[in-house]
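Notes follow once the structure below has been shown.
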Amino acid sequence: MITVDKAFQIVMEKADVIERVEIVGFNSANGRVIAEDIFSDIDIPPFNKSSMDGYAVISSDLKTVPVELEVIEEIPAGYFPTKRVINGTVSKIMTGAPVPEGADTVVMVENTELLKNGKVKILSKVKKGENISSKGEDVKKGDKILSRGTTLRCQEISMLSATGHTSISVISRPRVSILATGSELVEPDKGLMPGQIRNSNSYSLFAQCQNSDINPDYLGIAIDEEADLRGKIKKGINSDVFLISGGVSMGDYDIVPSILRECGIKIEFERVAIKPGKPFLFGTKGKTLIFGLPGNPVSTLIIFEIFIKPALKKMSANSANTNFAGKAKLEKVFERRKAGREEYIPVAITRSGGEARAMPVKFNGSADMMALTKANGLLIIPIGIDKLNAGDICDVIWFSATDPSYMPA
Ligand code: AMP
Ligand code: MG
């Protein structure tokens with residue numbers, strides 16, 4: 001049996017960034033990681049641009065103010081000026097419009113007074129060059145504006161739009177497939193015969209994948225018989241990540257490990273010193289990662305959060321923070337008889353003042369999904385610790401960074 005840290009290290013070593021790329025529209029690229037350097041095909045701004053509504057002037061005409069100057073042209077945004085500004089004249093100009101030749105400064109409209117005789121009175125002095133954004137001051141034509149490996153946010157989408165990159169190459173997300181195993185399982189839309197339970201793991205895993213921006217393939221339920229399992233396992237290992245729940249513990253019908261071996265999967269580890277979730281198997285075949293998750297729903301969910309979520313993130317080359325770990329003050333004593341495993345228990349974390357507080361919820365063990373619905377995080381009890389006191393500052397992980405009580409470590 002290996003520790004959580006060791007198991008994590010092994011999983012992360014085997015999780016490689018996906019080598020496939022795909023072309024996506026810039027408008028559906030938010031959160032994706034670009035697979036190419038992006039260059040600008042234009043200067044930004046592409047012309048000397050007024051940043052104010054006002055008058056384009058020659059600054060030396062304003063040595064003494066107020067001064068009256070003749071308005072020779074009106075330049076709205078989207079229009080290209082046709083007249084050169086010469087001494088004694090100005091052009092009326094709008095924000096975003098090109099500054100006409102001859103002018104070196106824009107006076108904002110608030111500092112002017114339009115007269116009836118086709119002239120404008122400039123009321124105050126300005127610094128030469130004021131209110132003009134000069135051509136190429138933000139970006140020069142040919143500049144690299146985004147580097148390969150960048151996770152696209154709204155600001156990068158804006159730059160792609162401004163430079164006309166309407167389709168771009170991004171790193172593909174891992175293809176994940178999900179298989180539930182167990183002859184007792186029926187799908188959620190069915191009634192139960194004696195001895196049956198509804199399959200919930202497939203769907204919690206599905207939702208967890210979606211939280212990682214991945215839409216998994218669903219392979220259904222395999223009964224605990226070799227032929228069915230073998231067929232479905234052979235399908236699953238064609239994906240980048242194969243999640244199998246159930247069938248990996250010590251019972252007579254837990255035949256997943258032997259079939260995995262038979263299918264040429266290298267088992268990297270089979271037991272982890274974690275509670276819940278000890279019978280947690282990790283295997284590889286080429287670049288494909290195979291996770292054999294304990295059937296109990298709480299175990300499956302927790303193992304995904306701790307191991308699989310970070311692996312998917314790494315494979316997606318996603319640099320966003322998804323490790324929502326931190327510290328919280330424990331609100332109730334916790335005791336255990338055996339301290340040989342790292343234990344995770346569901347807690348309700350609240351925030352008061354500058355402090356997170358963790359209250360363990362009523363928890364009947366690894367099948368008790370109901371407990372997890374009351375929890376927004378997990379308290380971590382390290383190996384060797386058999387008691388935590390109320391008031392102790394403890395390690396916790398949150399299920400979500402958008403949780404109002406989330407406080408990064
Ligand atoms: P196993 O690891 O196959 O021995 O399963 C351990 C426990 O988890 C058993 O009580 C199973 O009935 C239950 N279980 C296994 N798979 C699922 C599933 N997909 N959904 C809900 N419970 C499951
Ligand atoms: Mg089973």
Side-chain angles (χ1 to χ4, degrees), residues 16-59 73-85 90-109 126-174 212-214 312-322:
D16 279 334
V17 175
I18 297 294
E19 283 166 357
R20 300 182 305 275
V21 300
E22 61 198 56
I23 305 294
V24 296
F26 72 122
N27 205 17
S28 43
N30 193 19
R32 302 302 300 260
V33 179
I34 46 172
E36 55 180 339
D37 291 335
I38 302 280
F39 299 88
S40 181
D41 66 336
I42 51 164
D43 287 322
I44 302 180
F47 45 82
N48 292 331
K49 189 177 83 176
S50 178
S51 55
M52 286 287 171
D53 295 318
Y55 292 87
V57 302
I58 298 169
S59 58
E73 191 178 20
E74 184 172 317
I75 314 167
Y79 172 92
F80 204 81
T82 59
K83 291 191 177 140
R84 183 184 177 90
V85 173
V90 302
S91 287
K92 190 169 191 194
I93 192 164
M94 308 303 149
T95 303
V99 176
E101 268 189 58
D104 59 22
T105 304
V106 170
V107 181
M108 57 200 267
V109 71
V126 284
K127 268 209 299 246
K128 185 176 174 182
E130 204 161 305
N131 302 324
I132 296 178
S133 310
S134 46
K135 175 176 163 150
E137 75 175 17
D138 302 338
V139 175
K140 295 261 179 312
K141 180 174 175 174
D143 278 358
K144 190 208 277 190
I145 53 165
L146 299 173
S147 298
R148 176 189 154 79
T150 303
T151 301
L152 300 174
R153 305 165 298 170
C154 20
Q155 46 270 57
E156 283 82 26
I157 302 293
S158 170
M159 285 310 297
L160 290 173
S161 317
T163 54
H165 290 92
T166 53
S167 58
I168 47 161
S169 162
V170 299
I171 293 174
S172 292
R173 293 202 167 110
S212 296
D213 295 318
I214 288 166
L312 293 176
K313 174 175 127 81
K314 185 175 173 200
M315 296 173 94
S316 309
N318 181 352
S319 57
N321 177 29
T322 52

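Considering only residues two or more places apart in sequence or on other chains, A35 meets the side chain to side chain contact (heavy atoms under 4.5 Å, CB included) condition with V21, R148, S169, I171. Remark: E22 engages R32 in a salt bridge (charged side-chain N to carboxylate O under 4.0 Å, His left out) (not counting sequence neighbours). Taking S158 as the reference, nothing meets the side chain to side chain contact (heavy atoms under 4.5 Å, CB included) condition, with sequence neighbours excluded. Under the salt bridge (charged side-chain N to carboxylate O under 4.0 Å, His left out) criterion, D143 pairs with no residue at all, not counting sequence neighbours. Under the salt bridge (charged side-chain N to carboxylate O under 4.0 Å, His left out) criterion, E156 pairs with R153, sequence neighbours left out.
The side-chain heavy atoms of T163 and I145, taken from C-beta on, include a pair separated by under 4.5 Å. Here the side chains of P81 and E73 are in contact, with some heavy-atom distance below 4.5 Å. Between T105 and N131 the shortest side-chain heavy-atom distance does not fall below 4.5 Å. In this structure the side chain of R173 reaches within 4.5 angstrom of the side chain of D213, judged on heavy atoms. Using a 4.5 Å heavy-atom cutoff, the side chains of I38 and I168 are in contact. Under the 4.5 Å side-chain criterion, counting only non-hydrogen atoms from C-beta, I93 is in contact with V106. F26 is not listed as a side-chain neighbour of S167, based on a closest heavy-atom distance of 4.5 Å or more.
We find the CE-CD distance between M315 and E19 to be 10.5 Å, quoted to the nearest 0.5 Å. The CE atom of M159 sits 14.0 Å away from atom SG of C154, with the distance rounded to the nearest 0.5 Å. Between the CG atom of N27 and the OG1 atom of T166 there is a distance of 10.5 Å, given to the nearest 0.5 Å. Distance NZ/K83 to CD1/I75: 10.0 Å, rounded to 0.5 Å. Expressed to the nearest 0.5 Å, how far CD1 of I34 lies from CD of E36 amounts to 7.0 Å.
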Do any side-chain atoms of residues 40-48 form donor-acceptor pairs under 3.5 angstrom with protein atoms, and if so which ones, sequence neighbours left out?
| residue | atom | partner | partner atom | Å |
| --- | --- | --- | --- | --- |
| S40 | OG | I42 | N | 3.2 |
| S40 | OG | I42 | O | 2.7 |
| D43 | OD1 | K141 | N | 2.8 |
| N48 | OD1 | K135 | N | 2.7 |

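For S91 and E74, the side-chain atoms include no donor-acceptor pair closer than 3.5 Å.
Of all heavy-atom pairs between T95 and M52, the closest is OG1-C, 3.2 Å. Nearest heavy atoms, V85 versus P100: CG2-CG, 3.7 Å. Considering all non-hydrogen atoms of both residues, P98 and Y79 come closest at CD-O, 3.2 Å. Nearest heavy-atom pair across V17 and A317 is CG1-CB, 3.9 Å. The nearest pair of heavy atoms linking A103 to A56 is CB-CB, 3.7 Å. Contact between L312 and P174 at its shortest, heavy atoms only, is CD2-CG, 3.9 Å.
Within 6.0 Å of the CD atom in Q155, the count of heavy atoms belonging to other residues, nucleotides or ligands exceeds 12. When the shell of 6.0 Å around CD of E137 is examined, it contains more than 12 heavy atoms from other residues, nucleotides or ligands.
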Please determine whether side chain to side chain contact (heavy atoms under 4.5 Å, CB included) holds for the pair L152 and L160, giving the CA-CA distance in whole Å, both sets of side-chain angles, and the decisive distance to 0.1 Å. CA-CA 10 Å; L152 300 174; L160 290 173; 4.1 Å; yes
Side chain to side chain contact (heavy atoms under 4.5 Å, CB included) assessment of V126 paired with M108: CA-CA 9 Å; V126 284; M108 57 200 267; over 6 Å; no
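Side chain of S316 to main chain of N318: no donor-acceptor pair is present (N/O by atom type, distance under 3.5 Å, no hydrogens or angles).
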